[in-house]
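Take a look at the structure below.
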Amino acid sequence: MRTRQASWLFAWALTVGGAAQAQVQDTPAPQADAPAGTQDVAPGAKREGVVHVNALKNPEIRAYRAIVAGLDSFDAHRALAPAVPRLLFLASRPDGTPLAGELPKVRLTADDFNLPLELGSDGRLAIPRSQAAWDAKAELELNRKKRQVRIEPDVRTPGLPDSQRRLGDIRLECLVKVAIAKAEIPFFWVMTIDGLLLSRDWCGWFNGDPKSKFGDARYWPVSSGAPLQAATLREGERRLPLKAGGHRFSVPLSDPSWSNDAIVELTYAQEPAPPAPTAALADARAKQDN
């Protein structure tokens with residue numbers, strides 16, 4: 001029962017905190033104001049008011065101070081993905097597939113603060129450290145309707161094809177997501193989940209323990225960005241078929257027997273072939289040809 005409660009609360013924390021299904025509010029497009037100054041906030045610096053109760057009232061808004069908690073976590077654990085130069089965030093549809101149409105406008109905004117951000121054609125953006133944004137208690141804002149867009153940390157080692165994910169990258173993504181979630185949900189719930197897991201390391205719970213009666217619940221789900229046919233974790237001659245389907249696959253995130261350099265190989269589903277014409281339709285086409 002303890003493990004089932006912990007699993008449910010963990011999923012709730014990531015969703016409410018915006019880490020798993022981060023969405024943004026419907027707002028007017030930002031004006032072309034001049035960007036504010038960007039003085040760095042020192043990683044690990046003492047901060048006040050990091051836990052935001054308003055994240056529960058309106059989970060579509062991503063608090064900048066929570067994003068900074070994610071930046072801090074990336075800096076603290078970047079040895080997991082040493083080739084990744086900086087933390088990026090990926091804007092996508094709620095199911096993880098790429099955005100369609102014109103890309104949304106993105107900014108950090110508060111009553112007396114406005115900093116436009118550049119969203120790349122691939123949906124990725126960098127969110128800078130800004131003392132002005134921190135002091136203003138800014139929020140990340142996109143001009144898209146609610147539940148149309150989600151924003152997630154995106155850690156990818158350069159040079160790998162889209163069909164491969166490095167396990168150390170995924171581990172670092174989890175740590176960043178958890179840091180953001182912990183900064184956005186009330187401290188009471190952070191302590192509750194810590195107690196149920198008997199650990200402050202939430203990512204460590206997803207160890208893929210084959211003896212666990214909760215089975216797949218101990219595997220960390222990862223968005224693939226496109227429909228999957230199969231996923232396999234490999235390292236050297238070792239292979240482990242993973243659960244994959246829809247736009248997700250699941251990995252034994254904290255299993256120490258797999259190193260950070262282990263690779264997840266993704267096989268994407270093929271587009272279904274058009275149905276064969278019926279006999280009547282074939283006859284009609286033959287008559288037209290004649």
Pair T97-D95, side chain to side chain donor-acceptor pair (under 3.5 Å): steps then yes or no: CA-CA 6 Å; T97 56; D95 63 359; 2.5 Å; yes
- request: Determine, step by step, whether L228 and Y268 satisfy the side chain to side chain contact (heavy atoms under 4.5 Å, CB included) criterion, reporting the C-alpha distance in whole Å, the side-chain angles of both residues, the deciding distance to 0.1 Å, and the verdict.
  value: CA-CA 4 Å; L228 284 176; Y268 290 99; 3.7 Å; yes
field: Chi angles and distances behind the side chain to side chain contact (heavy atoms under 4.5 Å, CB included) call for L71, F74
entry: CA-CA 5 Å; L71 294 173; F74 176 84; 5.6 Å; no
- prompt: Under the side chain to side chain donor-acceptor pair (under 3.5 Å) criterion, do D201 and S199 qualify, and how do the steps go?
  reply: CA-CA 5 Å; D201 178 14; S199 173; 5.1 Å; no
field: Derivation and outcome, side chain to side chain contact (heavy atoms under 4.5 Å, CB included), residues N260 and L167
entry: CA-CA 5 Å; N260 292 325; L167 188 58; 5.7 Å; no
query: For R129 and Y64, what are the C-alpha separation, side-chain angles and deciding distance, and is it a side chain to side chain contact (heavy atoms under 4.5 Å, CB included)?
result: CA-CA 9 Å; R129 292 182 181 273; Y64 176 71; 4.2 Å; yes
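The side-chain heavy atoms of V251 and L233, taken from C-beta on, include no pair separated by under 4.5 Å. Residues R238 and S257 meet the side-chain proximity criterion, which asks for heavy atoms closer than 4.5 Å.
Under the 4.5 Å side-chain contact rule for hydrophobic residues, L88 and I180 do not share a cluster. Residue I170 is not grouped with residue I263 when hydrophobic side chains (ILVMFWY) are merged at heavy-atom distances under 4.5 angstrom, including chains of intermediate members. Cluster annotation: L175 and I127 are assigned to the same hydrophobic cluster (Ile/Leu/Val/Met/Phe/Trp/Tyr, side-chain heavy-atom contacts under 4.5 Å, transitive). A continuous path of ILVMFWY side-chain contacts below 4.5 Å connects L240 to V222, so both sit in one hydrophobic cluster. Tracing side-chain contacts under 4.5 Å through hydrophobic residues (I, L, V, M, F, W, Y), one never reaches L90 starting from V84; they form parts of separate clusters.
For the atom pair D135 CG and S130 OG, the distance stands at 8.0 Å (nearest 0.5 Å). From D194, atom CG reaches atom CH2 of W189 across 13.0 Å, with rounding to the nearest 0.5 Å. Considering CG of L99 and CG of D122, their distance stands at 10.5 Å, rounded to 0.5 Å. From D169, atom CG reaches atom CG of D154 across 9.0 Å, with rounding to the nearest 0.5 Å. Atom NE2 of H77 sits about 10.5 Å away from atom CG of D72, to the nearest 0.5 Å. The structure places CH2 of W220 at 4.0 Å from SG of C174, a figure rounded to the nearest 0.5 Å.
What you find for E152 and S223 is that their closest heavy atoms are OE1-CB, 4.4 Å. Contact detail for A138 and F113: the closest heavy-atom pair is CB-CD2, 4.0 Å. Closest of all the heavy-atom pairs between I151 and L125 is CD1-CD2, 4.3 Å. The shortest non-hydrogen separation linking W202 to V190 is CZ2-O, 3.9 Å. A pairwise comparison of heavy atoms in R107 and P116 identifies CB-CA, 3.9 Å as the closest pair. The nearest pair of heavy atoms linking P94 to R150 is O-NH1, 3.3 Å.
Partner of E173 under the salt bridge (Lys or Arg N to Asp or Glu O under 4.0 Å) criterion, out of R78, R165, R156, R166: R165 alone.
S224 places a side-chain N or O within 3.5 Å of a backbone atom of H247 that can act as its donor or acceptor partner. Counting only distance, with no hydrogens or angles, the side chain of Y219 and the backbone of K243 share no donor-acceptor pair below 3.5 Å. Within the 3.5 Å criterion, the main-chain N or O of P252 finds no donor-acceptor partner in the side chain of R218. Proximity of a side-chain donor or acceptor of R171 to a complementary backbone N or O of L253 within less than 3.5 Å is detected. Checking side-chain atoms of R124 against main-chain N and O of S121 turns up no donor-acceptor pair under 3.5 Å.
Other residues, nucleotides and ligands place no more than 12 heavy atoms under 6.0 Å from the CG atom of D162.
Annotation: salt bridge (Lys or Arg N to Asp or Glu O under 4.0 Å) contacts involving residues 224-237, sequence neighbours excluded, comprise R234-E265.
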